[in-house]
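Worksheet: the structure to be examined is printed underneath.
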Amino acid sequence: MLKILVTGSKGFIGEHLVNLLKQQNYVVLEYDLNSTLHELNDYLIKCDLIVHLAGVNRPLNKEEFYRGNFDLTKYLVKTLKQHDKKTPIIFSSSIQVTLDNDYGKSKKLAEDLLLNSGLPVYIYRLNNVFGPKCKPNYNSVVATFCYNIVHDLAINIHDENRLVYFNYVDDVIKEFLKIINSNNHQGQKDLLSLANTYECSIGKLANLIYYFKQEITSSRHLPLIHDEFELKLFKTFCFYFSDEGFTFNYASDERGYFLELFKSRKYGQISENMSYPVIKKGGHYHTYKEEIFYTVIGKTKIIQQNINSGEISENIVDGNHPQLINIKPLYTHTIENIGQDNSYTLMWISEIYQPQTADTFRQEIINN
């Protein structure tokens, strides 16, 4: 199993990456601000691959840009060469290298150094990366808007028509994992970017987040989601809305995954269900809990059957044509992915799931 050194392991992207690498049983060597130079040297000797995320973007003075973004990269390359190692490096750069600022200039110097190092490198020019756990009022407009709007704080917009390009943190991690999991680490001389890059104006971004808050606190509980960007933005929003100290569970198996997004004693729970094609889930009923299913991507078939009368209702739901489906108490129900791609369904449940009072009883649909 590969030993992977992650610099900036306690940062926003680093924390997401480290958690997933550990889930996949990789040996992860974590380097961050509290690590020592001795530890870094030891890790550089041991590691089989480096994901270089460490950097500085909010320094007290401009010299720190170059120490954190260029000098550290220079040290990694120098140390590897001293030990005659050709360790592959995945480097997170930034689209700001095209701008005339010290952050961009320091990242560009690091890019050039890596490209000329003779090491196998993969350089990604990332856009504005957003997602759960990103620090608000720091360097992410999405995190700042979500946090401030959730907490009824003001947001500042200088130009609502300005277009900004975004990358979602899970897409970044998946891209890095494709390289890590590959059998051939030869590097790439071309600068790389993510296929999943989203364009949104600052004004539209703010309006979407205000809309999410309006809907989640209404009797509808689920906003209308029109595309993947809005779904990822809503999942991010839920992280900042959910500050009541609950644990959020994630479960995955050969059928897909189930992710709890939002919990509130007042508003209930919102979860996301992902199913692979032809997969059917469910086969249970509730005696009092209310639910709403809303497929936002893909095509699903939702069947409900009254446990007393045997009456059956069926809904075909396409993510391209939004439709909220009310799941009735005392109706056993299933949801099946009948499309050719993965399906994503938001599910609102009227109360937080508690194993001891789950109000969930197994019963399959009975066809007459």
Side-chain angles (χ1 to χ4, degrees), residues 130-132 142 146 166-171 173-175 194-201 204-205 207-216 218-239 241 248 250-262 267-283 290-304 312-328 331 333-350 365:
F130 73 99
V142 171
C146 284
F166 296 98
N167 293 134
Y168 186 56
V169 64
D170 284 359
D171 294 329
I173 302 307
K174 288 176 183 176
E175 185 74 17
L194 265 64
N196 289 341
T197 296
Y198 306 101
E199 177 187 273
C200 184
S201 72
K204 180 180 179 181
L205 179 70
N207 289 337
L208 280 169
I209 298 170
Y210 277 120
Y211 167 68
F212 292 160
K213 184 178 181 183
Q214 169 190 304
E215 292 300 288
I216 208 170
S218 75
S219 61
R220 294 177 294 276
H221 301 294
L222 287 175
L224 295 178
I225 304 291
H226 301 94
D227 53 42
E228 288 189 10
F229 173 67
E230 290 187 13
L231 174 60
K232 292 167 181 175
L233 184 62
F234 177 66
K235 290 161 68 172
T236 303
F237 164 82
C238 284
F239 172 80
F241 202 90
F248 294 83
Y250 174 91
S252 63
D253 56 25
E254 69 281 357
R255 301 174 302 165
Y257 68 71
F258 188 83
L259 169 66
E260 294 179 333
L261 294 175
F262 164 75
Y267 300 114
Q269 175 173 319
I270 294 174
S271 301
E272 179 190 27
N273 174 68
M274 188 280 280
S275 294
Y276 298 119
V278 290
I279 290 297
K280 180 188 294 185
K281 296 183 181 180
E290 299 177 52
E291 294 182 314
I292 298 173
F293 288 4
Y294 176 42
T295 297
V296 295
I297 296 175
K299 191 173 184 179
T300 60
K301 178 166 67 175
I302 299 168
I303 299 178
Q304 300 185 69
I312 290 180
S313 65
E314 179 179 307
N315 295 95
I316 305 295
V317 185
D318 189 327
N320 294 320
H321 305 285
Q323 184 181 4
L324 301 178
I325 304 299
N326 290 299
I327 305 300
K328 306 167 189 174
Y331 276 72
H333 49 276
T334 62
I335 179 169
E336 180 180 0
N337 181 355
I338 59 173
Q340 297 182 348
D341 301 312
N342 297 345
S343 66
Y344 295 81
T345 301
L346 293 177
M347 298 178 171
W348 173 78
I349 303 96
S350 59
I365 302 289

Close aromatic pair by centroid cut-off 6.0 Å: Y168 and F130 |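 Yes; F130 has its ring centre under 6.0 Å from that of Y168.
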
Close aromatic pair by centroid cut-off 6.0 Å: Y211 and F237 =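 Centroid separation for Y211 and F237: 6.0 Å or greater.
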
Would you name the heavy atoms of M347 and F258 that are closest together and state the gap between them?
->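 So the two residues come closest at SD-CE1, 3.9 Å.
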
Between E230 and D227, what is the shortest heavy-atom contact and its length?
-> N-OD1, 2.9 Å

Under 3.5 Å, is there a donor-acceptor pair between the side chain of [X] and the main chain of [Y]?
X	Y	result
Y294	I225	yes
K299	Q340	no
W348	E290	no
D253	R255	yes
Q304	N326	yes
S343	G298	no

Any side-chain heavy atom of T236 sitting closer than 4.5 Å to one from V169?
-> no

Side-chain touch F166/L205, heavy atoms, less than 4.5 angstrom |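 Of all side-chain heavy-atom pairs linking L205 with F166, at least one is under 4.5 Å.
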
Atom pair NZ (K232) and CG (D170), whose distance is rounded to the nearest 0.5 Å =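 Those atoms lie 8.0 Å apart.
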
Hey, could you give me the CD/OH distance between E272 and Y344, rounded to the nearest 0.5 Å?
->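 Output value for this atom pair is 7.0 Å.
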
Would N167 and E175 count as a side-chain contact (heavy atoms from CB on, under 4.5 Å) if you check the C-alpha gap in whole Å, the side-chain angles of each, and the deciding distance to 0.1 Å?
-> CA-CA 11 Å; N167 293 134; E175 185 74 17; over 6 Å; no

Return yes if a side-chain donor-acceptor contact under 3.5 Å exists between [X] and [Y], otherwise no.
X	Y	value
N273	S275	yes
T334	E336	no
T295	T300	yes

